[in-house]
Novice: 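Would you mind keeping the following structure in view while I ask a few things?
Source: prediction; values computed, not measured. Quick note: numbers below take in every heavy atom, side chains included, and nothing from hydrogens, waters or symmetry partners. Each chain gets a letter, A, B and so on, in the order its sequence line appears, and its residues count up from 1.
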2 protein chains.
Amino acid sequence: MAATIGDVARAAGVSRSTVSYALSGKRAISEETRDRIQAAIAELGFTPNAGARALATSQTKVLGLYLQFQEDEFAPAMLQYVLPVSTAARENGFDLLMVTDSDVAGAVKRTTSSAMVDGVVLLDVTYDDVRLEALREAVQPAVLIGYARNGEGFDSYDLDFGEAARLVVDHLAELGHRDVVLITPPRHVYDRGGSYAWRFRDAAIERAARYGIRVSSHYGDSRQPAIVEALDAALASSPEATALIIHNDATIAALPSYLHERGLHAPEDLSVVGVFSREFGQAFSLPFTSVETSPDRLGQEAVRRLIRRIAGDPDVGAPLVRFVEPVLVDRGSTRTLA
Amino acid sequence: MAATIGDVARAAGVSRSTVSYALSGKRAISEETRDRIQAAIAELGFTPNAGARALATSQTKVLGLYLQFQEDEFAPAMLQYVLPVSTAARENGFDLLMVTDSDVAGAVKRTTSSAMVDGVVLLDVTYDDVRLEALREAVQPAVLIGYARNGEGFDSYDLDFGEAARLVVDHLAELGHRDVVLITPPRHVYDRGGSYAWRFRDAAIERAARYGIRVSSHYGDSRQPAIVEALDAALASSPEATALIIHNDATIAALPSYLHERGLHAPEDLSVVGVFSREFGQAFSLPFTSVETSPDRLGQEAVRRLIRRIAGDPDVGAPLVRFVEPVLVDRGSTRTLA
DNA sequence: CTGAAAGCGCTTACAG
DNA sequence: CTGAAAGCGCTTACAG
């Protein structure tokens with residue numbers, strides 16, 4: 001079968017430990033010996049066995065990525081979080097075990113206690129996340145992408161949705177808007193504890209009050225025809241509204257066709273601001289001003305910190321909750337009121 | 001740290017081998033002994049170490065899933081292939097290593113020769129897939145989702161795109177259509193060897209000829225505004241066309257808003273047939289008749305066969321190319337011509 | 001600069 | 001029905 005370190009050692013006429021050290025560079029090897037080892041490795045096509053290495057070092061060089069698939073979710077947005085995590089992991093020499101079990105807590109328990117992974121990346125974090133209890137039992141460090149109330153002890157990376165809302169409201173206030181409709185994530189997102197939903201909404205309402213702006217908040221939906229119905233109802237209930245804030249992937253993705261069906265144009269008839277990433281906007285051809293959600297930045301920063309923890313970097317410090325600063329990207333879908 | 005099999009053995013007052021056999025059920029254990037072992041396992045929270053087990057058995061119980069991310073790809077469709085593979089793997093006791101390295105052949109080599117995975121699932125297969133050479137060096141079995149010219153020796157699962165095209169053409173022919181526009185995948189898909197592109201197109205043209213139907217074929221695009229421009233150009237070049245066949249995710253996703261912008265209605269002004277999955281249609285609210293692409297079925301069947309090969313099932317037989325039978329789902333977006 | 005040996009935590013013939 | 005021991009393929013103190 002596959003060549004082992006013993007085969008290489010024999011072919012190079014050295015001991016197995018010398019081969020190992022040549023591989024790791026953890027001690028000096030004479031150039032001549034190293035050359036012979038290199039030749040033997042190339043000749044035999046040797047690659048160290050991952051399981052054996054994991055057993056000897058207690059390190060797998062694998063990160064676990066845990067997704068949580070909710071019913072009624074708008075799946076097309078998911079991959080934009082997965083990819084940056086995968087890329088950042090590889091840049092740091094780690095592979096990725098993708099875990100999608102419906103028994104989410106059991107999956108965390110299973111993969112951590114069997115030492116399949118060196119660290120854990122939690123996606124789709126909810127306010128009371130059941131996976132966190134399983135994670136506390138684990139010896140591996142973890143990082144959350146999202147925010148959980150019971151997340152103490154873990155690093156968390158999330159967009160600052162409060163600040164995102166304030167950016168949007170400030171922007172509309174500057175333009176003179178005084179009556180605004182907000183489409184939030186669907187009700188079930190609140191129910192299952194997607195804190196980004198109310199963090200954005202509460203901040204928007206609070207900030208708007210400061211300007212004397214009226215905000216009419218409505219639940220969006222994730223499937224047609226409910227998406228359109230929710231939009232119709234929201235706009236009908238606020239006929240004077242001059243701006244629309246959309247904090248929901250499915251709704252913003254459907255908005256271009258919705259506006260057309262209703263004969264509306266942004267920003268002439270209605271100013272529109274969304275909350276989505278550049279990649280998402282590009283895939284769905286969204287011509288709207290938005291708050292950039294930066295999934296690539298979140299994923300990359302989260303993974304980097306996790307890996308520093310795994311490495312035992314003494315400078316990492318205490319667990320932190322990092323709320324990444326949002327940025328407003330003006331795509332011209334809002335206008336100044338006369 | 002974590003409890004080992006030795007800790008369990010000591011706590012239960014038995015040997016390590018007895019604990020191991022109690023776990024695997026590979027030999028009879030007295031009920032009393034088994035109870036003591038169970039108690040010790042529960043007490044200590046023991047889970048076998050995956051690396052040690054892999055080393056001893058030469059089995060990792062992990063499948064590698066290899067994605068290939070192309071520039072200009074319409075990413076939102078990707079996850080519908082990943083999820084069924086993940087689910088099917090878990091149903092059979094396997095976890096999933098998701099590999100997204102840009103050096104795709106190197107990634108296959110690295111993960112297989114280090115024995116990180118027991119088997120390989122290749123996604124985004126191209127006609128001349130560079131990963132296949134790396135795969136031939138591997139001892140692990142593999143399955144392709146898609147079709148490659150150089151895929152001999154491997155199991156392949158793909159939709160029968162030829163038959164899909166014939167279903168669509170037959171359907172339109174029955175309704176009396178004689179002039180049809182076909183939007184194919186973008187040119188770069190052909191360039192990089194996405195065989196589904198020409199397998200569908202060639203079959204559509206051939207079948208149409210049999211009916212005397214004129215097919216005007218045009219490349220679609222994956223980004224706005226090119227998507228719309230491609231549609232405009234295609235329809236302008238065939239003003240007499242009564243039906244539109246869309247074999248491109250990005251274009252079909254944009255079609256509802258496109259039709260509205262152009263004041264067109266399906267099927268009144270134009271009959272429309274797409275090629276997409278139920279999940280995709282649902283996420284994008286597509287009201288079009290379509291050929292179901294069945295990513296869940298492909299993924300599940302591919303994984304099941306792969307796992308039988310891994311298990312060394314003698315009945316698996318020679319590698320096969322399985323073209324899954326497509327089904328036309330009528331959603332009422334085509335009409336009978338007078 | 002290099003080697004012999006122990007050990008990581010399992011599984012599985014071999015013995016009884 | 002159960003145990004002692006070898007072995008999977010690495011890494012890393014320990015010695016020289």
Novice: Does B:Thr33 reach a base, just sugar-phosphate, or nothing at all? Heavy atoms under 4.0 Å.
Specialist: sugar-phosphate

Novice: D:dC10 P sits how many Å from A:Gln59 CD, rounded?
Specialist: 17 Å

Novice: Ignoring the backbone of B:Thr18, work out which of D:dT12, D:dG7, D:dG3 is nearest its side chain.
Specialist: D:dG3

Novice: Using only heavy-atom distances, decide whether a donor-acceptor pair under 3.5 angstrom links the side-chain of B:Ser17 to the base of D:dA5.
Specialist: no

Novice: Please determine, for the side chain of A:Ile5, which listed nucleotide (C:dT11, D:dT11, D:dT2) has the closest atom?
Specialist: D:dT11

Novice: Can you identify which nucleotide, out of D:dG9, D:dA13, C:dC10, has its nearest atom closest to the A:Tyr21 side chain?
Specialist: D:dA13

Novice: Given that A:Thr47 and A:Arg27 both sit by DNA chain D, which one's nearest nucleotide is further toward the 5' end?
Specialist: A:Thr47

Novice: Could you tell me whether the phosphate oxygens of C:dT12, OP1 or OP2, come under 4.0 Å of any side-chain nitrogen or oxygen in B:Lys26?
Specialist: yes

Novice: As a test of reading the structure: which of D:dC1, C:dC10, C:dG9 is closest to the side chain of A:Leu55, going by heavy atoms?
Specialist: C:dG9

Novice: Measure the distance from CZ on A:Arg53 to C1' on D:dG9 and round it to the nearest whole Å.
Specialist: 11 Å

Novice: Using Watson-Crick or G-U wobble geometry with both distances below 3.5 Å, tell me the partner of C:dT2, or none.
Specialist: D:dA15

Novice: Side chains of B:Tyr66 and B:Thr100: any donor to acceptor distance under 3.5 Å?
Specialist: no

Novice: When you check the side-chain N and O atoms of A:Asn150 and A:Glu133, is any donor under 3.5 Å from an acceptor?
Specialist: yes

Novice: Checking all strands, does B:Ser30 fall into the base, sugar-phosphate, or nothing category for heavy-atom contacts under 4.0 angstrom?
Specialist: sugar-phosphate

Novice: Return the value, rounded to whole Å, for the distance between atom CZ of B:Arg10 and atom C1' of D:dT2.
Specialist: 18 Å

Novice: Does A:Thr4 reach a base, just sugar-phosphate, or nothing at all? Heavy atoms under 4.0 Å.
Specialist: sugar-phosphate

Novice: Please confirm whether B:Tyr147 and B:Phe323 have ring centers closer than 6.0 angstrom.
Specialist: yes

Novice: Would you tell me if any nitrogen or oxygen in the side chain of A:Arg16 comes within less than 4.0 Å of OP1 or OP2 on D:dC10?
Specialist: no

Novice: What's the closest nucleotide to the A:Ala56 side chain, out of D:dT12, D:dG3, D:dC10?
Specialist: D:dC10

Novice: In whole angstroms, how far is the C1' atom of C:dC8 from the CG atom of A:Asn49?
Specialist: 13 Å

Novice: Nearest-Å distance, CG (A:Asp118) to C1' (C:dC8)?
Specialist: 15 Å

Novice: Measure across A:Val62 and A:Phe94 and return the closest heavy-atom pair with its distance rounded to 0.1 Å.
Specialist: N-CD2, 3.6 Å

Novice: Would a 4.5 Å heavy-atom cut-off, applied to side chains only, mark A:Gln140 and A:Met116 as touching?
Specialist: no

Novice: Nearest whole angstrom, please: distance from the C1' of C:dT2 to the CD1 of A:Ile37.
Specialist: 10 Å

Novice: For B:Thr57 and for A:Ser58, find the nucleotide of DNA chain C with the closest heavy atom, then tell me which residue's nucleotide is more 5'.
Specialist: A:Ser58

